[in-house]
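By convention in this document, chain letters (A, B, ...) are assigned in the order of the sequence lines, proteins followed by strands, and residues within each chain are numbered from 1.
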2 protein chains.
Amino acid sequence: MTDIPRPGQPVRGSRSGAPIMALFDLIGRRWAMGVLWTLAEIGPSTFRHLQEKCETISPAVLNQRLKELKAAGLVHRVEQGYAVTQLGKDLYLHLVPLGQVAKVWAENLAEEPLHS
Amino acid sequence: MTDIPRPGQPVRGSRSGAPIMALFDLIGRRWAMGVLWTLAEIGPSTFRHLQEKCETISPAVLNQRLKELKAAGLVHRVEQGYAVTQLGKDLYLHLVPLGQVAKVWAENLAEEPLHS
DNA sequence: CTATTTGCTATTAAATCAATAGCATAATTA
DNA sequence: TAATTATGCTATTGATTTAATAGCAAATAG
């Protein structure tokens, strides 16, 4: 059920399981990046607290994503509940610059509204 | 049908449509990052060529993702078919470093196989 | 004991994704 | 000119994933 994409195994985008494609397969799931991002931002927290911070995520999906992120070693359990691992933090830090891209993107769309 | 997440509008992860969450909502869809990545790597190309490069994507999904990426201004049509826009390239360039993270991640998993 | 918090599952429904076939148009070739 | 090929898709049918909601069992607090 919980099927985690593994580098070296066939994944979306690469029959040979290229690491980047395996990673895309993992974090390219609904809420995956949002959960990682949020957890990294708020620090160690309980399931419910994280759920609140994600604003509209359902417990079922949060639980699913947490399972996957845990299995992938990006998140782990701590006394306080859940937290990102070192690897998870590394990934988060690489996601941070996307915040700037997102802003530029938002501005672009504001100027020139999407036509579809 | 084609529902593109827009910054400023409610999206997954943010009722107020925080740009980063809107972006996550957009590129956190099956194949979205894979398509953007592949297209950026191979340069302008036809629908079919891109489809081949994505190895296992179906035309329906590729078409859907292209629509969304176009509407979001990350991809556009050119004489040769499809290509990433400047904004799309910017995003791609920010995705490139994830390749390294992915490698480390792959090595970690290889050493310590996931326990689930 | 009672209430609350926490992590999570059950259920049911809706949305998304996938696999395959195949069509319409335009360019190319025979 | 007729046939072939390339291209960008759509239609159809299922399978999978996501969603919304309720609620439960275990641990903790009062």
Side-chain angles (χ1 to χ4, degrees), chain A residues 1-5 10-15 21 24-36 38-39 42-72 75-84 116, chain B residues 1-5 9-15 21-22 24-36 38-39 42-72 75-84 116:
Chain A
M1 193 119 300
T2 304
D3 191 24
I4 317 290
V11 295
R12 291 185 179 86
S14 169
R15 282 189 248 264
M21 288 301 165
F24 283 167
D25 200 350
L26 176 73
I27 67 177
R29 294 178 176 190
R30 291 282 164 70
W31 278 107
M33 286 184 286
V35 168
L36 183 68
T38 304
L39 188 55
I42 67 180
S45 67
T46 65
F47 184 95
R48 294 250 161 140
H49 182 54
L50 179 56
Q51 188 186 344
E52 280 165 29
K53 286 300 182 177
C54 286
E55 298 195 29
T56 57
I57 197 171
S58 72
V61 173
L62 177 56
N63 188 233
Q64 179 68 28
R65 288 296 94 85
L66 283 174
K67 269 188 196 169
E68 294 164 1
L69 293 173
K70 265 192 298 179
V75 160
H76 65 343
R77 305 234 26 179
V78 295
E79 299 161 88
Q80 300 94 327
Y82 291 93
V84 295
S116 144
Chain B
M1 188 141 293
T2 303
D3 189 25
I4 315 290
Q9 294 299 124
V11 296
R12 291 185 180 86
S14 169
R15 283 188 247 263
M21 288 300 166
F24 283 167
D25 200 351
L26 176 74
I27 67 177
R29 294 180 176 189
R30 291 280 161 70
W31 277 108
M33 285 184 285
V35 167
L36 182 67
T38 304
L39 187 56
I42 67 180
S45 66
T46 65
F47 185 95
R48 295 248 162 144
H49 182 53
L50 178 56
Q51 187 185 345
E52 280 165 29
K53 286 299 182 178
C54 287
E55 299 196 27
T56 57
I57 199 170
S58 71
V61 173
L62 177 55
N63 188 234
Q64 180 66 28
R65 288 297 92 84
L66 283 175
K67 270 187 195 169
E68 294 164 0
L69 293 173
K70 263 192 299 178
V75 160
H76 65 343
R77 304 229 36 172
V78 295
E79 299 162 88
Q80 300 93 329
Y82 290 94
V84 294
S116 140

Starting at [atom1] of [X], measure out to [atom2] of [Y] and round the result to the nearest 0.5 Å.
X: A:Asn63; Y: A:Lys70; atom1: CG; atom2: NZ; result: 7.5 Å
X: A:Ile57; Y: A:Leu62; atom1: CD1; atom2: CG; result: 4.5 Å
X: A:Ile4; Y: A:Glu68; atom1: CD1; atom2: CD; result: 4.5 Å
X: A:Cys54; Y: A:Ile42; atom1: SG; atom2: CD1; result: 7.0 Å

Side-chain donor or acceptor of B:His76 paired with backbone N/O of B:Ala83 under 3.5 Å: yes

Within the pair [X] and [N], is there a side-chain N or O less than 4.0 Å away from OP1 or OP2?
X: B:Asn63; N: D:dG8; result: no
X: A:Arg29; N: C:dT16; result: no
X: B:Trp31; N: C:dT16; result: no

Protein-nucleotide distance ([X], atom [atom1]; [N], atom [atom2]), rounded to Å:
X: B:Gln64; N: C:dA15; atom1: CD; atom2: P; value: 14 Å
X: A:Leu62; N: D:dA19; atom1: CG; atom2: P; value: 11 Å
X: A:Leu39; N: C:dG7; atom1: CG; atom2: P; value: 12 Å
X: B:Asp25; N: D:dT18; atom1: CG; atom2: C1'; value: 12 Å
X: B:Lys67; N: D:dG8; atom1: NZ; atom2: C1'; value: 11 Å
X: A:Tyr82; N: C:dT6; atom1: OH; atom2: P; value: 13 Å
X: A:Leu66; N: C:dT6; atom1: CG; atom2: C1'; value: 13 Å
X: A:Arg65; N: C:dC8; atom1: CZ; atom2: C1'; value: 16 Å

Candidates D:dT7, C:dT9, D:dT17 - which lies nearest the side chain of B:Arg30: D:dT17

A:Met33/B:Met33 under side chain to side chain contact (heavy atoms under 4.5 Å, CB included): CA gap, chis, key distance, verdict: CA-CA 12 Å; A:Met33 286 184 286; B:Met33 285 184 285; 3.9 Å; yes

Given DNA chain D, 5'-ward residue of the pair A:Val61 and B:Arg77, judged by closest heavy atom: B:Arg77

Set of side-chain contact (heavy atoms from CB on, under 4.5 Å) partners for A:Pro59, sequence neighbours left out: A:Phe47, A:Gln51

Partners meeting side-chain contact (heavy atoms from CB on, under 4.5 Å) with B:Arg30 (sequence neighbours left out): A:Arg12, A:Arg29, B:Arg65

Pairwise side-chain contact, B:Thr38 with A:Met21, heavy-atom cut-off 4.5 Å (strictly under): yes

Minimum side-chain heavy-atom gap A:Phe24-B:Val35 below 4.5 Å: no

Contact list for residues 45-57 of chain A, test salt bridge (Lys or Arg N to Asp or Glu O under 4.0 Å), sequence neighbours left out: A:Glu55-B:Arg15

Heavy-atom closest contact (A:Leu66 atom, A:Leu50 atom, distance): CD2-CD2, 4.1 Å

Positions of residues 49-59 of chain B (non-hydrogen atom under 4.0 Å from DNA chain C), listed by number: B:Thr56, B:Ser58, B:Pro59

Sugar-phosphate only, base, or nothing, as touched by B:Arg48 at under 4.0 Å among non-hydrogen atoms: base

Residue met sooner reading DNA chain C from 5', once A:Arg12 and A:Ala60 are mapped to nucleotides: A:Ala60

Bending between helix ends of the helix from C:dC1-D:dG30 to C:dA30-D:dT1 [5 pairs per end, 10° resolution]: 20°

Shorter than 3.5 Å, N or O on both sides, protein versus nucleotides 28-30 of chain D: list them out with atom names.
none

